[in-house]
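Both counts, for ligands and for their atoms, begin at 1 and track the order of listing. One is the number of the first residue; the rest follow in order along the sequence. Just the heavy atoms: all of them, side chains too, but no hydrogens, waters or symmetry mates, feed the values below.
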Amino acid sequence: MTSPAQDQQSWTRSTCPYCGVGCGVLMRRGGPDGLEVKGDPDHPANRGRLCSKGAALAETTGLEGRLRAPRIHGADTDWDSALNLVATRFRETIAAHGPDSVAFYVSGQLLTEDYYVANKLMKGFIGSANIDTNSRLCMASSVAGHKRAFGSDTVPGTYEDIDEADLVVLVGSNLAWCHPVLHQRLLAARAARGTRIVVIDPRHTASCDTADLHLKLRIGSDVALFNHLLSRIARSAALNPDFLRNVNGLDKTLAAAQDDDPDATGLPPEEIDRFCRMWIETPRVVTLYSQGVNQSAAGADKVNAILNCHLATGRIGLPGSGPFSVTGQPNAMGGREVGGLANMLACHLDLDTPDHRAIVQDHWAAPTLPAAPGLKAVDMFEAIHSGQIKALWIIHTNPAVSMPDADRVAQAITRCPFTVVSDISAETDTARLADVLLPAAAWGEKSGTVTNSDRTISRQRALRPPPGSARPDWQILCDVGRRMGWPQAFAYDSPAAIFRDYAALSGKAAALGRDFDISALSALDDDAYDTLLPGRWPRTAERSGGRFFADGRFYHADGKAQMIPVQHRPPVAKRSPRYPFRLNTGRIRDQWHTMTRTGLSPRLSAHLAEPYVDLHPEDAARLAIKPADLVQLSSPHGRALLRARITDDGQPGTVFAPIHWTAETAPAARIDHLVAPVVDPVSGQPESKASVVAVSRFEARWYGFAVSATPLDRDTLEIADYWARARTPGGWRLELAGRRAIADWDATARHLFDLPRADVQLLSDPARGTTRLAYLHGGRVQAALFVAPQPVAVMRDYLTGVPGTTAPTVLTGRAPVDQPDPGPILCSCFSVGVNSILTAIETGGLMTVDDVGAALQAGTNCGSCKPEIAALLARIQVQEAAE
Ligand SMILES: Nc1nc2c(c(=O)[nH]1)N[C@H]1C(S)=C(S)[C@@H](COP(=O)(O)OP(=O)(O)OC[C@H]3O[C@@H](n4cnc5c(=O)[nH]c(N)nc54)[C@H](O)[C@@H]3O)O[C@H]1N2
Ligand SMILES: Nc1nc2c(c(=O)[nH]1)N[C@H]1C(S)=C(S)[C@@H](COP(=O)(O)OP(=O)(O)OC[C@H]3O[C@@H](n4cnc5c(=O)[nH]c(N)nc54)[C@H](O)[C@@H]3O)O[C@H]1N2
Ligand code: SF4
Ligand SMILES: [Mo]
C-alpha cells in the first residue's frame, strides 16, 4: 500500500489537451490503459473537476494508430532522410519562386513553444507571412473584434467573473457540451447565488436545459439583437457617461444600431424585451460567446455588437461583469499571443507597424520580416489549389476534414507539389495526402505551455517517452530550421529555452505599450520552468494576472476604446428553391473534432455513436422522412448522408449536423464537404454555420447493423453507400446502408469481418427481406450482422456487448428478458443508459438530478451528462402532468 504522501508524489501535473477551459490534470503511469488521469484539485480553472473527455484521457492517448516513424510517400524512413528532404524542397521552392510560394498551416492545439518557433521560422527566416492556423476557423472574429474595440486582442475578464455574475448570457455557445467544466462552475454559481442564465442560440441545446430564458433567434441575426439592446441601453440609466469619456464612437454606433430592426431575429418582441430588461437591470453581467458568434460572415461585427454594449455601460473588467470570448482549443489563446495568425506578430505586435516589426526582427536577429499579412486559411488553400503555393507544411490539424469546401481543400493538398504533414496518427484524411509524414510526440509525451480562455498559462508535462522515433513538434520545426540554414536561430535545446526567449520578447513588446507581458518569466531556469504553477498573464515585476480595462485605459493610440458601428447582415448563402434549408453545424459532448483521439474510447463513442442530422418535424413530415431514415444533404459543394433525428430543437427550414465524422469513421457523413468557403471580410473566418442545402430521403435498398470483435477494414466497407463505425468495449459497431443488391450476405459478411472459417448462425426471412448472421469461434460470438430493407430495429446497446460472449440468443437482436437493454449511454463515466435512468426515475420516484446520481451513480463523476439527465426528468414530469 502506498501512503497518501507517496500517492501524492507519484502524480505528474499537466493540462488537459482538449478544450480551452484548460483544466489541470494529475497523471501517472499504471491502470488498465497504462495511464491514470484525474482532475488537479489545485488548478484554478477546474479545482479537480474534469468533463467526460478529460476523465477518459487515459483511453484516448494510447498507442493505437500512432505514427511511429517518418514516412516518405508512404514508406518508413529515418529522420535524416525526411528532414533533409523537407529542408531541401522548401529551400529550392523559395529559391525558384520566392518566399511566398511556401506556407505553413498550423493549429491552436500546438504548445506555445511549438507555435513560437513555427512563426519565427516562417515570418523571421523564410520571410513570408504565409503561416495561418485553424484558429482562423475558430477565434479570428474575436481577435478582429477585440482589436477594433480595444486596440489589442485582450480578453478582459477571468473565470471568477462567471462565479460572481448575476446574469450570464451564452451567445452561440453550447457551454454544457463544449466547455463542460466552465458550465459546471456556472451551475455551481447559480446554486450559490441564483445567477440567471440566458441562452441565445437558434436551436435548443443541452445548455438551454438549465437556462432561465432561451432566445431561439434566426441564424446570423445576433447583430440585430445586440444593436437593439444598445439602443435600449442608450435610453436607460445603464448608459455610463463617466466610462464613455474613455470610449470613441458612441454617436455613430448608436445611429447605426437604431437603424437596425430587431425583427430580423424572428424573436417575439416580448422575449426581446425580457432579455433587454434583464441585461440592462443587471450590472454584473457576463456576455459569453463562442462559435455561433465567430463562425459567421458577420463574425467580427457580432463581436463588436456585444462589446459595444459592454463599453456603453462600462461593464468591463469588473468582478462578475464583462464580455467573454471563450476559446475552443487548448492553446487557441497561446497561438494568438505568439502571433500564429497570418496578420499578426509575436506578443500581440502588429505586422503592419514598422516599430513593432523592428523589435521582433532585432530580437530574433532575423534577416527579414514581411511587412504585409500572409494568406488567411481559405485564401491559402485556394492559392495552393491554383499552384501559387508550391510547398506546404500542415501541423497538428486535419484540414481535409475541417476546412469549408473540404473536398476542394483535399484536392488542393493533392495538387500541391510538396506537402508535409506532422501528426500523431498514421491514418487521417489529411495525413493520407502527404508526401512526407512526420511523427509527432503526443500529449503526455511532450512538454510546454498553453494559455486557456482566461489568460492562465499552464504547463503540459511529459510523463512517458514517445513511441518509435516520434519527436515533439518544436524539435521537428527547429530541426528543419537548422537544416534550412539557420543553425543559431533554431539552436533551442528545450521548451524552457524557447519560453525564456519568448518571455523576453514580451517585455520589449510591453515597452511599446502592448498588453501581453510575461517578462517576469524570462529568467526562469529549467527547474523553475519545470515547476511553473498555473498563472494568469500579465506576469511582470509589478503585476500578476487580474482584469483589464476597468480603469478605462485601452490600447488604441489615444488610449481610448472604440465603439464600432455595425448593422445586421444576413448569412451570405441565400436559401433558394433548389437549396431551401440552412445548415447549422457544431459539436457533440463526447467527441473532439475529427475524432483521431476521442474516437479511440469506447466510453466516449457510446454517447452518440453515429453521424446524424436534426430535422424539424414539419420539414420531416413534408419530405416523408421518418426517424432513423437516412437523409441526403446536398449543397453546391458536396453531398452527405446522415441519420435523421426528428426534433423541434431547431427551427423549420434549418438542419443541424455535427462536424466530427471523417473518411476513417463515416466517409459519406463529412459535413465540411457541404460548407461554402464564405468568409467574414474583416476577420477572414469562414461562415461554418450557415450554408444552404437541399434535403431528401435517401432510398437505400438495404440497411445493416453489425458488431464485431475485430477491426473492420475501410476497403471492405465499400459495399455500402453509407457506413459509420465506432468503438465498443469489445470491438466495433457498424451502421451500413446500400443501394446495390447483395446476393450472398454470408459471403459478404465473412469478407467484411475477415472470418472465412467461423461457424455461422443464419436466420433469413425472405418475405420480410431480412437476414441475420452471427459468426462464432469456440461458441463465442465474433461478429453479427443484421440486414433489413428498412432501418434495422435491434437493441444496439445490448448487441455492442455481445462479441466475445456466448450470447445464445444473439440472432433475436434483443436482450434476454432477464437482461434489460440499458439504452443509449448518457453517463459515459459509469456507462449508464437512457433506459436505465428512465426506469429508475419511474420506478424509484426520483425527482432530481441528485436523486438519479444517488440511485445509479449517473452524473456523479464528471457531471457532463447532468443537463441531459435534467432534460429526461423534465420530460417525464411534463408527461405526468399531462396525464
Ligand atoms: N465536446 C467538444 N467540446 C469542444 C470541442 C469539440 O470538438 N468537442 N471543440 C472545442 C473548440 S475548438 C471550440 S471552437 C469550441 C466551440 O464551442 P461552441 O461554440 O459552444 O460549439 P458549437 O457547437 O460549434 O456552436 C455553438 C452553438 O452556436 C449555435 N449557432 C449557430 N449559428 C448561430 C448564430 O447565428 N447565432 C447564435 N447566437 N448561435 C448560433 C449553434 O446552434 C451551436 O449550438 O468547443 C471546444 N470544445
Ligand atoms: N462546419 C464546421 N467546420 C468546422 C467547425 C464548425 O463548427 N463547423 N469548427 C472549426 C473549428 S472551431 C476548429 S478548431 C477546427 C478543428 O479542426 P482540426 O484542427 O482539423 O481538427 P482536429 O481533429 O483537432 O485535428 C488535430 C490533428 O492533430 C493531430 N494531433 C494530435 N496531437 C498532436 C500533436 O501533439 N502534434 C501533432 N503534430 N499533431 C497532433 C490529430 O491526430 C489530428 O489529426 O474545425 C473547424 N471546422
Ligand atoms: S472541460 Fe473537459 S475537455 Fe475542457 S479542459 Fe476541462 S476536462 Fe478537458
Ligand atoms: Mo475551435
Side-chain angles (χ1 to χ4, degrees), residues 15-23 25 39 45-46 49-55 57 107-111 114 134-135 137-139 170-175 177-183 200-203 205 207 215 217-222 225 289-296 302 326-330 332 395-404 406 421-425 428-431 438 440-443 445-446 452 472-473 476 571 583-598 650 656-660 662 671-672 674-675 686 688-691 862 864:
T15 312
C16 174
Y18 295 123
C19 85
V21 177
C23 296
V25 301
N46 58 317
R49 290 194 186 112
L50 293 178
C51 76
S52 47
K53 293 179 295 301
L57 262 170
S107 166
Q109 296 167 63
L110 283 173
L111 304 179
D114 305 328
N134 63 1
S135 287
L137 319 179
C138 182
M139 302 313 303
L170 305 180
V171 195
S173 155
N174 185 5
L175 204 71
W177 279 12
C178 296
H179 299 87
V181 167
L182 212 50
H183 189 247
I200 300 177
D201 194 305
R203 63 183 186 120
T205 66
S207 306
L215 298 184
L217 83 178
R218 237 173 240 149
I219 290 178
S221 65
D222 306 73
L225 180 65
Y289 54 95
S290 186
Q291 298 315 335
V293 168
N294 293 338
Q295 285 172 343
S296 158
K302 288 186 182 186
V326 283
T327 51
Q329 299 176 91
I395 311 177
H396 208 325
T397 174
N398 196 356
V401 183
S402 56
M403 283 283 295
V421 173
S422 299
D423 208 292
I424 61 166
S425 308
T428 75
D429 294 20
T430 305
L438 301 176
W443 181 82
E445 303 159 3
K446 60 176 186 178
N452 73 359
D473 288 300
I476 305 174
L583 169 66
N584 182 5
T585 64
R587 290 159 170 77
I588 63 172
R589 193 189 75 192
D590 287 355
Q591 292 296 351
W592 178 259
H593 298 161
T594 70
M595 291 194 198
T596 60
R597 287 171 286 169
T598 44
F656 172 85
I659 59 173
H660 305 285
T662 68
I671 275 305
D672 271 302
L674 302 168
V675 174
S688 312
K689 289 180 163 27
S691 292
C862 81
S864 304

key: For ligand 1, the residues whose heavy atoms come within less than 4.0 Å (ordered by chain, then number)   = Cys19, Lys53, Cys138, Val171, Gly172, Ser173, Asn174, Trp177, Cys178, His179, Ile200, Asp201, Pro202, Arg203, Thr205, Leu217, Ile219, Gly220, Asp222, Ser290, Gln291, Gly292, Lys302, Gly328, Gln329, Asn584, Gly586, Arg587, Ile588, Arg589, Gln591, Trp592, His593, His660, Lys689

query = Which distance, rounded to the nearest 0.5 Å, do you find between the CG of Asn46 and the SG of Cys51?
reply = 10.0 Å

ask   = If you measure from each heavy atom of Ala441 to ligand 2, is any distance below 4.0 Å?
value = yes

note = The atoms of ligand 2 lying under 4.0 Å from a heavy atom of Ser422, numbered in the order shown, are 37 (C), 38 (N), 39 (N)

inquiry  = Does only the side chain of Thr596 get under 4.0 Å from ligand 2, or the backbone, or both, or neither? Count heavy atoms.
reply    = side chain

ask   = Looking at Ala440, which atoms of ligand 2 are within less than 4.0 Å of one of its heavy atoms?
value = 36 (N), 37 (C), 38 (N)

inquiry  = For a distance under 2.8 Å, give residue and atom name for each protein N, O or S atom next to atom 8 (Fe) of ligand 3.
reply    = Cys16 SG

query = Which ligand 2 atoms, with their elements, are less than 4.0 angstrom from a heavy-atom of Asp473?
reply = 34 (C), 35 (O), 36 (N), 37 (C), 38 (N)

ask   = Does at least one non-hydrogen atom of Lys446 fall below 4.0 angstrom from an atom of ligand 2?
value = yes

message = Which heavy atom of Arg589 sits nearest to which heavy atom of Lys53, and what is that distance?
response = O-NZ, 3.2 Å

request  = Could you tell me whether Asp672 approaches ligand 2 through its side chain, its backbone, both or neither, with non-hydrogen atoms closer than 4.0 Å?
outcome  = side chain

query = Got a second to check how far Leu175's CG is from Ser207's OG, nearest 0.5 Å?
reply = 6.0 Å

query = When rounded to the nearest 0.5 angstrom, what is the spacing between NE2 in His396 and CD in Gln109?
reply = 5.0 Å

key: Nearest-0.5 Å distance, OG of residue Ser691 to CG of residue Asp672   = 8.5 Å

key: Any side-chain donor near an acceptor of the partner, Trp592 and Gln329, under 3.5 Å   = no

task = Would you mind checking if Asp473 and Lys446 are paired as a salt bridge, meaning a charged N to carboxylate O distance below 4.0 Å?
result = yes

inquiry  = One residue to check: Val401. Relative to ligand 2, which of side chain, backbone, both or neither has a non-hydrogen atom less than 4.0 Å away?
reply    = neither

message = Distance check, rounded to the nearest 0.5 Å: Thr205 atom OG1 versus Trp177 atom CH2?
response = 8.5 Å

ask   = Rounded to the nearest 0.5 Å, how far does OH of Tyr289 lie from CG of Leu170?
value = 13.5 Å

